[in-house]
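Here's the structure, in structure tokens; my notes come after.
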Amino acid sequence: ETKPRIPVIWLHGLECTCCTESFIRSAHPLVKDVVLSMISLDYDDTIMAAAGHQAEAILEEVRETHKGEYILAVEGNPPLKDGGVYCLPGGRPFVDKLTEMAADARAVIAWGSCASWGCVQAAKPNPTQATPVHQVVTDKPVIKVPGCPPIAEVMTGVLTYMLTFERLPQLDRHGRPKMFYAQRIHDKCYRRPHFDAGQYVESWDDEGARKGYCLYKMGCKGPTTYNACSTVGWNEGVSFPIQSGHGCIGCSEDAFWDKGPFYER
Ligand code: SF4
Ligand code: SF4
Ligand code: F3S
């Protein structure tokens, strides 16, 4: 409570804004406590009231007054083709804004699968050359928090860890915080006993579906997907895709968008 709030600059490139939609629903900690007491969210295209030149001027101000101190949070990614003209926030290529702000940041957080891997806008043939953040920012730690979107409490949990311990969370070889991405959905899935027993849903709404059997034969990607959905859950832990009767589509994995089909039948 006595620590100064850490400045956070939150940039938006090619994306759909649902990572922010997820973030603002965090319950533990409450997002209002994160934004009002833990960080100083000095810039966020989506949720700030300011706009225009005055808003853009904040970026330069933070760079000068908090050099090497602020966290750069990035939602979405830069398209590199044709000089970056396919994403022009504030009238200039997003890639320029990103590299400028990354240069003086303490660390960079790549929110979601867009920033971490490229996501649907990078789907083959990737016409705008949408490129994940770590391929553009190469001289700073980039903490990947993938998912489409990531779980709200995973996002605020990563921030809380960084602010509380004043260090980066331990990352796996892909740059994901181990505390949330060390296990596969399949490892902690409550339908796992059915998988082990060979009890599968064979078609939508069959007897097995009504009994909550394993969704592997319906294309569930839980066995190859690293995320916290089966432990942390969504909407304050109320549910997650598999609990709602739908297999995991692997939304936190690299290239999930090109690894279809999502439905086997
Ligand atoms: Fe939207 Fe998914 Fe990209 Fe987040 S990762 S901005 S939810 S498309
Ligand atoms: Fe694994 Fe998916 Fe079956 Fe769960 S529903 S046990 S994650 S294959
Ligand atoms: Fe995504 Fe699979 Fe979780 S689709 S939301 S990683 S269960």
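Note that the structure is predicted; figures quoted are calculated from it, not measured. In listed order, ligands and their atoms are each counted from 1. Scope of the values below: all heavy atoms of this structure, side chains included, with no hydrogens, waters or symmetry mates.
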Ring centers of H186, F195 separated by less than 6.0 Å: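 Yes.
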Pair W117 + W257: ring centers closer than 6.0 Å: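 Between W257 and W117, which both carry aromatic rings, the centre distance is not below 6.0 Å.
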Option of least heavy-atom distance to atom 5 (S) of ligand 2 (set: V201, D196, L215):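 It is L215 whose heavy atom sits nearest to atom 5 (S) of ligand 2.
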So between C114, P146, G76, whose heavy atom ends up nearest atom 8 (S) of ligand 1?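 Closest candidate by heavy-atom distance is C114.
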Charged N-O contact under 4.0 Å between [X] and [Y]:
X	Y	result
K97	E56	yes
D206	K211	no
D172	K178	no
R5	E69	no
D96	R92	no

Could you list which atoms of ligand 3 come closer than 4.0 Å to a heavy atom of [X]?
X	result
N227	6 (S)
T225	6 (S)
C229	3 (Fe), 5 (S), 6 (S), 7 (S)
P241	5 (S), 7 (S)

Any idea which atoms of ligand 2 are less than 4.0 Å away from a heavy-atom of [X]?
X	value
R192	6 (S)
C220	2 (Fe), 5 (S), 7 (S), 8 (S)
G222	7 (S)

Would you check whether S22 reaches within less than 4.0 Å of ligand 1, judged by its heavy atoms?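 The answer is no: ligand 1 sits nowhere under 4.0 Å from a heavy atom of S22.
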Numbered atoms and elements of ligand 1 in range of [X], under 4.0 angstrom, heavy atoms:
X	answer
G147	5 (S)
G112	5 (S)
E15	6 (S)
C18	1 (Fe), 7 (S)

Close approach of F256 to ligand 3, heavy atoms, under 4.0 angstrom: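 It does not; every heavy atom stays at 4.0 Å or beyond.
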Whether the E15 and T17 side chains hold a donor-acceptor pair (N or O, under 3.5 Å, no angle test) is what I'd like checked.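 Distance-only check passes for E15 and T17.
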Validation row: V34, S26 side chains within 4.5 angstrom (heavy atoms):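 A side-chain contact under 4.5 Å is absent here.
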Is any side-chain heavy atom of T160 closer than 4.5 Å to one of M38?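 They are in side-chain contact.
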Are I185 and I151 in one and the same hydrophobic cluster, where Ile, Leu, Val, Met, Phe, Trp and Tyr link if side-chain heavy atoms are under 4.5 Å apart?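 Both belong to a single hydrophobic cluster.
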Connected via hydrophobic side-chain network under 4.5 Å: V142 and V158: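 No.
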Look at [atom] and say which protein heavy atom is nearest, naming residue and atom and giving the distance to 0.1 Å.
atom	result
atom 4 (S) of ligand 3	I249 N, 3.2 Å
atom 2 (Fe) of ligand 1	C148 SG, 2.3 Å
atom 1 (Fe) of ligand 1	C16 SG, 2.3 Å
atom 4 (Fe) of ligand 1	C19 SG, 2.2 Å

Residue part near ligand 3, for C248, under 4.0 Å between non-hydrogen atoms: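 Under 4.0 Å from ligand 3, C248 contributes backbone and side-chain atoms.
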Per-residue contact class, C251 against ligand 3 - non-hydrogen pairs under 4.0 Å: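 Near ligand 3, C251 shows its backbone as well as its side chain.
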Parallel, tilted or perpendicular for W10 and H12, by the 30°/60° rule?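 W10 vs H12 ring planes: parallel.
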Indicate if the distance from atom 1 (Fe) of ligand 2 to the nearest N, O or S atom of C214 falls below 2.8 Å.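 For C214, the answer is no, given that no N, O or S atom comes within less than 2.8 Å of atom 1 (Fe) of ligand 2.
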Member of K144, R184, R176 meeting the salt bridge (charged side-chain N to carboxylate O under 4.0 Å, His left out) criterion with E253: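 That would be R176.
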Identity of the N, O or S atom of H186 lying closest to atom 1 (Fe) of ligand 2: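 Result for H186 and atom 1 (Fe) of ligand 2: ND1.
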